[in-house]
Amino acid sequence: MPRDESLTATPQVDTAREFLDLLTVEDVAALLKVNKSWVYEHTRTRGAPRSDRLPCIKIGKYLRFDPQLLRAFLDPRTAGR
């Protein structure tokens, strides 16, 4: 039976680069010049519509942030300034 090459293929270099671009809570806090607790608070679902929360990716107990999604979230909020 022929071996399925897709099961053993290595990830694309672009995909690996995208993972390296993910930001940590500390990175986001430093960029926004806020405390880490503020970042955590603004990712929670309690009482806030999804559109008002910082977009994040949960990996186990860790939060990571895609810089492009973070920029898309912030742009409309800073347009009037």
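- Leu22 and Leu74 are not part of a single hydrophobic cluster, where members link through side-chain heavy atoms under 4.5 Å apart.
- Arg44 approaches Arg53 most closely through the heavy-atom pair O-CD, 2.7 Å.
- Between Val28 and Thr24 there is no side-chain heavy-atom pair separated by less than 4.5 Å.
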Let me have the donor-acceptor pairs involving side chains of residues 62-71, under 3.5 Å, with sequence neighbours excluded, atom names and distances please.
{"from": "Asp66", "atom 1": "OD1", "to": "Gln68", "atom 2": "N", "distance (Å)": "2.8"}
{"from": "Arg71", "atom 1": "NH1", "to": "Asp75", "atom 2": "OD1", "distance (Å)": "3.4"}

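- Remark: Arg77 is positioned above the aromatic ring of Phe73, its terminal NZ or CZ atom under 6.0 angstrom from the ring centre and at most 45 degrees off the axis.
- Separation of atoms NZ (Lys33) and CH2 (Trp38) is listed at 14.0 Å; rounding is to 0.5 Å.
- The CG atom of Leu32 sits 10.5 Å away from atom CG of Asp27, with the distance rounded to the nearest 0.5 Å.
- For the atom pair Ile57 CD1 and Thr43 OG1, the distance stands at 12.5 Å (nearest 0.5 Å).
- The distance from atom CG of Asp52 to atom CG of Leu54, rounded to the nearest 0.5 Å, is 10.0 Å.
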